[in-house]
Amino acid sequence: MIEITLAHYLALATILFCIGLIGVLRRKNLLLLFMATEIMLNSVNIGFAAIGHYYGDLSGQMFAFFVIAIAASEVAVGLGLLIVWYKRTGSIDLDSLSSMRG
Amino acid sequence: MEAIAFYTFSFLTIAMFWIAVMSNQALYALSATAAGMIFISAFFFLLGADFLGALQIIVYTGAIMAIYAFGMMFFDTTRVVKERHRPPFLVMGLSILSAVLIVFIVSAPIISENIVAHHPVIEGIDNPQAIGVVLFTKYLIPFELAAVMLLVAMIAGIILAGKKMDRSLTLMRDEEIEIAQELQDSKRVSV
């Protein structure tokens with residue numbers, strides 16, 4: 001039987017992070033862009049938990065715990081702002097945010 | 001046994017997140033992301049992080065994806081999502097930047113070989129208990145700060161989303177919505 005090592009988990013975390021990154025670069029809809037960032041946060045959580053497990057350390061799990069807490073508050077504030085923006089402009093496209101013409 | 005579970009769940013997770021990123025339908029993307037979050041909790045159970053696995057299901061799938069589902073009610077999600085088309089040089093630059101970043105991510109464990117356990121796993125007790133011991137001794141202040149941050153985020157979310165909540169778009173007739181929209185547009189032009 002093949003043994004699953006730390007490298008397997010880190011490779012998986014990298015693949016998931018890349019998928020999230022593709023989503024962030026690709027998405028125009030702000031709601032789906034937020035979801036892609038959630039995928040990236042999740043992949044990092046896997047990496048934290050895997051390193052913590054293979055080095056016998058609990059810090060990795062603690063960091064993943066705080067990442068989840070930050071993700072929850074990010075979603076609450078981000079979706080609130082998104083709803084306000086949608087009520088103002090009627091769209092949540094990323095291009096409609098470029099009102100500063102920088 | 002562990003290998004079978006690992007490969008099965010990694011395939012499922014990658015497939016789900018790929019659908020979530022590539023789908024043109026917002027509802028498919030939401031469902032696929034929620035499924036992927038549940039499959040990710042399997043990795044936490046495989047790694048012996050039982051508490052984190054339960055937290056992943058409860059908080060990520062139960063709370064965060066539910067907030068997304070509620071948020072979707074405010075937006076027009078039935079139409080096909082249009083994708084971005086950037087100028088090619090920008091795509092090139094961003095891709096090179098991402099590639100360099102990913103090389104750093106992959107090579108980071110090779111550079112740091114001398115890792116020592118800061119808070120070693122406590123022998124003889126379950127994972128949730130060990131988490132509790134570390135969380136309420138070494139990480140007490142970050143834990144309380146996270147609690148305050150969640151409270152602030154909750155109040156901010158209520159205030160941001162709850163504004164003008166008394167005017168329901170679904171109960172208004174189409175003409176009323178148009179009149180309100182025109183009023184808003186003229187107000188914005190004058191400002």
Side-chain angles (χ1 to χ4, degrees), chain A residues 1-4 6 8-10 12 14-23 25-29 31-32 34-36 38-39 42 45-46 49-53 55-59 61-62 64-66 68-73 75-77 79-84 86-87 90 92-94, chain B residues 2-3 6 10 13-14 17-18 20-21 26 29-30 33 36-37 40 43-44 47-49 51-52 55-56 59-60 63-64 67-68 71-72 74-75 81-84 94 98 102 105-106 109 115 117-121 130-131 134-135 139 142 146 149-150 152-154 156-157 160-161 163-164:
Chain A
M1 188 58 77
I2 324 138
E3 202 195 341
I4 300 297
L6 178 59
H8 285 79
Y9 280 102
L10 289 181
L12 175 75
T14 313
I15 291 168
L16 292 181
F17 191 84
C18 290
I19 291 175
L21 203 62
I22 290 168
L25 291 178
R26 187 172 176 274
R27 286 295 188 197
K28 198 178 189 180
N29 189 311
L31 191 77
L32 297 177
F34 273 3
M35 258 190 253
E38 297 296 329
I39 294 173
N42 262 292
N45 275 354
I46 291 181
I51 292 176
H53 174 71
Y55 284 92
D57 196 351
L58 281 172
S59 303
Q61 291 181 34
M62 302 308 339
F65 179 79
F66 287 117
I68 290 176
I70 286 169
S73 48
V75 166
V77 177
L79 268 177
L81 287 170
L82 217 55
I83 288 167
V84 172
Y86 186 72
K87 279 179 183 168
I92 46 170
D93 273 8
L94 201 58
Chain B
E2 197 197 350
F6 176 80
S10 50
T13 314
I14 290 168
F17 281 158
W18 188 255
V21 163
L30 180 87
T33 318
M37 301 286 183
I40 274 187
F43 295 115
F44 292 142
L47 288 166
F51 183 73
L52 210 59
L55 205 71
Q56 174 83 15
V59 173
Y60 251 115
I64 293 182
I67 292 177
Y68 275 118
M72 255 182 193
F74 289 94
F75 310 125
V81 181
K82 282 198 275 321
E83 297 308 338
R84 199 186 321 181
L94 284 173
S98 315
I102 285 158
I105 291 169
V106 175
I115 298 173
H118 235 30
H119 307 297
V121 174
I131 289 269
V134 177
L135 189 62
Y139 287 93
M149 185 181 69
L150 280 169
V152 169
M154 186 186 79
L160 283 171
K163 209 173 170 188
K164 289 267 176 69

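Chain letters run A, B, ... following the sequence lines, proteins first, then strands; residues in each count from 1.
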Inset, instruction - Pick one of side chain, backbone, both or neither for B/Ser10, based on which atoms fall under 4.5 Å of a heavy atom in chain A. - result: both
Inset, instruction - Could you look at B/Ala156 and say if it's the side chain, the backbone, both or neither that has a heavy atom under 4.5 Å from chain A? - result: side chain
Legend entry - Max heavy-atom pair count under 4.5 Å with chain B, selected residue of A/Ile15, A/Val75, A/Val77, A/Asn42: A/Asn42
Legend entry - Which atom of A/Arg27 lies closest to which atom of B/Ala20, heavy atoms considered: NH2-O, 2.8 Å
Inset, instruction - Check whether B/Phe17 gets within reach of chain A through its side chain, its backbone, both or neither, counting any heavy atom under 4.5 Å. - result: both
Inset, instruction - For the residue pair A/Phe65 and B/Ile131, establish whether any side-chain heavy-atom pair is separated by less than 4.5 Å. - result: no
Inset, instruction - Might you point out which heavy atoms bring B/Met72 and A/Leu31 nearest each other, and give the distance in Å? - result: CG-CD2, 3.3 Å
Inset, instruction - Name the region of A/Met35, side chain, backbone, both or neither, that has any atom closer than 4.5 Å to a heavy atom of chain B. - result: both
Inset, instruction - Considering non-hydrogen atoms only, spot the tightest contact between A/Ser73 and B/Met149 and give its length. - result: OG-CE, 3.4 Å
Legend entry - Non-neighbouring partners of A/Ala36 that pass side chain to side chain contact (heavy atoms under 4.5 Å, CB included), sequence neighbours left out: A/Val24
Inset, instruction - Measure across A/Ala72 and B/Leu150 and return the closest heavy-atom pair with its distance rounded to 0.1 Å. - result: CB-CD2, 4.0 Å
Legend entry - Residue part contacting chain A, namely of B/Ala146, when any heavy atom lies under 4.5 Å: side chain
Inset, instruction - Check whether any side-chain heavy atom of B/Phe43 sits under 4.5 Å from a side-chain heavy atom of A/Asn45, and report yes or no. - result: no
Inset, instruction - Report the distance from atom CD of B/Gln56 to atom CD1 of A/Ile68, rounding to the nearest 0.5 Å. - result: 5.0 Å
Inset, instruction - Go through B/Thr13, B/Val152, B/Val59, B/Leu135 and name the one with the most non-hydrogen pairs under 4.5 angstrom from chain A. - result: B/Leu135
Legend entry - Proximal component of A/Leu81, with respect to chain B [non-hydrogen, under 4.5 Å]: both
Inset, instruction - Grab the two heavy atoms, one from B/Ala29 and one from A/Leu32, that are nearest each other, plus how far apart they are. - result: CB-CD2, 3.8 Å
Inset, instruction - Please name the pair of heavy atoms, one in A/Leu25 and one in B/Ser98, separated by the smallest distance, quoted to 0.1 Å. - result: CD1-OG, 4.1 Å
Inset, instruction - Supply the atom-to-atom distance A/Leu12 CG to B/Ile40 CD1, rounded to the nearest 0.5 angstrom. - result: 7.5 Å
Inset, instruction - Could you tell me the separation between the CG atom of B/Leu160 and the CG atom of A/Leu82, rounded to the nearest 0.5 Å? - result: 10.5 Å
Legend entry - Residue A/Phe34 versus chain B: region with a heavy atom under 4.5 Å: both
Legend entry - chain B contact via A/Ile19 - side chain, backbone, both or neither, heavy atoms under 4.5 Å: both
Inset, instruction - Please flag which part of A/Phe66 lies under 4.5 Å from any non-hydrogen atom of chain B: side chain, backbone, both or neither. - result: side chain
Inset, instruction - Could you tell me which portion of A/Ile46 (side chain, backbone, both or neither) has an atom closer than 4.5 angstrom to a non-hydrogen atom of chain B? - result: both
Legend entry - Test ring-ring contact (aromatic ring centres under 6.0 Å, His included) applied to A/Tyr9 - qualifying residues, sequence neighbours left out: B/Phe6
